[in-house]
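Hydrogens, waters and symmetry mates are skipped; everything else that's a heavy atom, side chains included, is used.
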Amino acid sequence: MILDKIATLLKEVKGLNATNAEEIEALRLKYLSKKGEINALMADFRNVPAEQKKEVGIKINELKQTALERINALREQCETAEDNDDTVDLTRTAYPIKLGTRHPLTIVKNEIIDIFSRMGFTLADGPEVEDDLHVFTKMNFAADHPARDMQDTFFVEQNPNDVTKNILLRSHTSSVQARVMETSQPPIRIICPGRVYRNEAITARAHCFFHQIEGLYIDKNVSFTDLKQVLLTFAREMFGPETKIRLRPSYFPFTEPSAEMDISCHLCGGKGCGFCKYTGWVEILGCGMVDPNVLEACGIDSSVYTGYAFGLGVERITNLKYQVSDLRMFSENDVRFLKEFEAAH
């Protein structure tokens with residue numbers, strides 16, 4: 001009799017028990033799924049005499065409701081028990097996710113920032129998508145300067161009638177210096193870290209994007225001697241107290257006089273090796289006194305104030321410290337390469 005089957009299943013359902021989510025799901029499948037035992041009763045329902053269909057239908061619905069309530073109650077008990085489980089260490093690092101490591105460029109960038117911060121420089125930031133006015137014009141670049149050419153610069157929008165309105169990806173962080181100078185009055189002492197872009201072929205020694213840190217100091221009576229002392233302090237903090245520097249005359253549109261700075265090779269101590277091409281010296285940055293034209297273009301009186309600026313590539317310094325032979329490795333996100341720097345921070 002179908003009523004006997006219903007009574008037997010009702011007794012079973014009321015006595016259901018489970019200790020975990022897997023067991024509860026197994027009970028749900030056994031009694032409430034499409035192929036479960038309660039649905040199987042519906043196959044026998046068609047054979048029930050007409051005068052009993054109402055009674056049997058009510059009993060089946062009561063059985064189904066009882067089974068649903070019992071399984072839900074078991075599920076709530078299980079969840080409450082898990083919440084109250086004191087054996088779970090909520091402060092434990094998630095497993096099996098492994099902790100990451102700082103990128104080598106970030107390690108070196110932070111070290112450079114820390115050195116200059118201790119010398120009184122503050123951080124300044126600016127947009128990566130810039131206009132020609134701040135990237136080139138206010139930095140004393142002539143209208144026909146080769147750096148404005150598509151071969152060197154990524155232009156987002158070009159205006160043939162007025163190059164100062166061109167929109168581009170900044171090719172150096174000097175644009176940040178221009179924005180600070182036009183909105184602030186000396187004394188100004190800043191460093192500008194950031195990513196820059198140049199339209200170059202990607203090789204082991206060059207990339208279309210890289211990272212720079214530029215510095216600027218403007219005040220009354222700032223001299224080239226001040227610049228040299230700051231750079232010497234930086235070199236010795238970065239590469240060791242025995243490091244020597246030398247300044248070679250160079251040219252940059254935004255500084256006059258301009259120089260490139262070399263450090264004594266920290267691998268051979270200046271004696272000469274393959275890394276320094278047996279010269280004993282390695283170039284690390286460019287620098288110079290801020291051109292008066294730049295000061296005037298940014299609203300600073302060049303008859304009252306002077307200043308110096310310098311710029312260095314983070315990838316260059318990272319290569320010197322860790323001897324990474326291929327610049328492309330910095331942007332490929334190979335975890336095997338990145339894991340080599342776990343002990344560097």
Side-chain angles (χ1 to χ4, degrees), residues 109-110 112-143 145 147-148 162-196 211-234 237 247 250-261 285-314:
K109 182 190 73 174
N110 289 345
I112 295 171
I113 291 173
D114 178 66
I115 293 171
F116 283 110
S117 294
R118 285 188 272 116
M119 288 191 280
F121 288 82
T122 59
L123 283 175
D125 194 13
E128 293 184 14
V129 181
E130 261 288 7
D131 55 39
D132 184 292
L133 181 65
H134 292 91
V135 175
F136 294 129
T137 303
K138 291 201 172 187
M139 288 292 108
N140 201 35
F141 282 79
H145 195 284
R148 296 176 184 268
D162 186 356
V163 295
T164 63
K165 295 181 180 180
N166 289 339
I167 305 300
L168 49 97
L169 299 181
R170 67 183 182 189
S171 54
H172 50 199
T173 55
S174 301
S175 57
V176 181
Q177 298 180 18
R179 289 188 175 274
V180 171
M181 284 189 284
E182 69 181 9
T183 57
S184 308
Q185 282 298 306
I188 297 172
R189 193 196 299 256
I190 59 170
I191 51 173
C192 317
R195 184 159 47 189
V196 298
H211 300 78
Q212 277 188 338
I213 294 182
E214 296 195 25
L216 174 71
Y217 177 42
I218 300 174
D219 204 349
K220 296 178 180 179
N221 303 317
V222 176
S223 69
F224 203 97
T225 302
D226 300 321
L227 169 63
K228 181 178 179 181
Q229 187 59 48
V230 164
L231 296 181
L232 176 61
T233 301
F234 163 71
E237 288 283 330
L247 296 170
S250 185
Y251 166 77
F252 303 108
F254 34 84
T255 53
E256 179 60 38
S258 303
E260 290 181 345
M261 189 181 92
L285 58 84
C287 61
M289 300 300 293
V290 179
D291 193 296
N293 291 334
V294 173
L295 296 176
E296 295 293 341
C298 294
I300 295 176
D301 189 346
S302 62
S303 64
V304 178
Y305 298 103
T306 55
Y308 61 71
F310 56 85
L312 52 93
V314 179

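The ring pair (Phe, Tyr, Trp, His ring centres under 6.0 Å) search around F116 returns F121, F234, F310, not counting sequence neighbours. Every residue meeting the ring pair (Phe, Tyr, Trp, His ring centres under 6.0 Å) condition with H172, not counting sequence neighbours, appears here in chain and number order: F141, F254. Partners of P187 under the side-chain contact (heavy atoms from CB on, under 4.5 Å) rule, at least two apart in sequence or in another chain, are D219. By the side-chain contact (heavy atoms from CB on, under 4.5 Å) test, I167 pairs with V129, D131, V156, E157, sequence neighbours left out. Scored by the side-chain hydrogen bond (donor to acceptor under 3.5 Å, both in side chains) test, S175 finds no partners at all (sequence neighbours excluded).
Residue I115 holds its CD1 atom at 11.5 Å from CG of N110, rounded to the nearest 0.5 Å. Here CE of M261 is found 4.0 Å from CG of L285. Values are rounded to the nearest 0.5 Å. Here the CZ-CD1 distance, from R118 to I113, works out to 12.5 Å after rounding to the nearest 0.5 Å.
The heavy-atom pair separating R170 from G126 by the smallest distance is NH1-O, 3.2 Å. Here the closest non-hydrogen pair linking P193 and T173 is C-CG2, 4.5 Å. Residues L227 and A309 share a closest heavy-atom pair of CD1-O, 4.4 Å.
With T183 contributing its side chain and V180 its backbone, the two residues share a donor-acceptor pair below 3.5 Å. Of the possible polar contacts, none joining the E260 side chain to the S250 backbone as a donor-acceptor pair under 3.5 Å is found. Although no hydrogens or angles enter the test, the distance criterion places no donor-acceptor pair under 3.5 Å between the side chain of S171 and the main chain of V196.
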Legend entry - Residue pair D226, S223: steps toward the side chain to side chain donor-acceptor pair (under 3.5 Å) verdict: CA-CA 5 Å; D226 300 321; S223 69; 3.3 Å; yes
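Counting heavy atoms from C-beta outward, I188 and Y305 have side chains that stay 4.5 Å or more apart.
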Table please: side-chain donor-acceptor pairs of residues 297-304 below 3.5 Å, with sequence neighbours left out.
from: D301; atom 1: OD1; to: S303; atom 2: N; distance (Å): 2.9
from: D301; atom 1: OD1; to: S303; atom 2: OG; distance (Å): 2.5
from: D301; atom 1: OD2; to: S303; atom 2: OG; distance (Å): 3.3
from: S302; atom 1: OG; to: E296; atom 2: OE2; distance (Å): 2.6

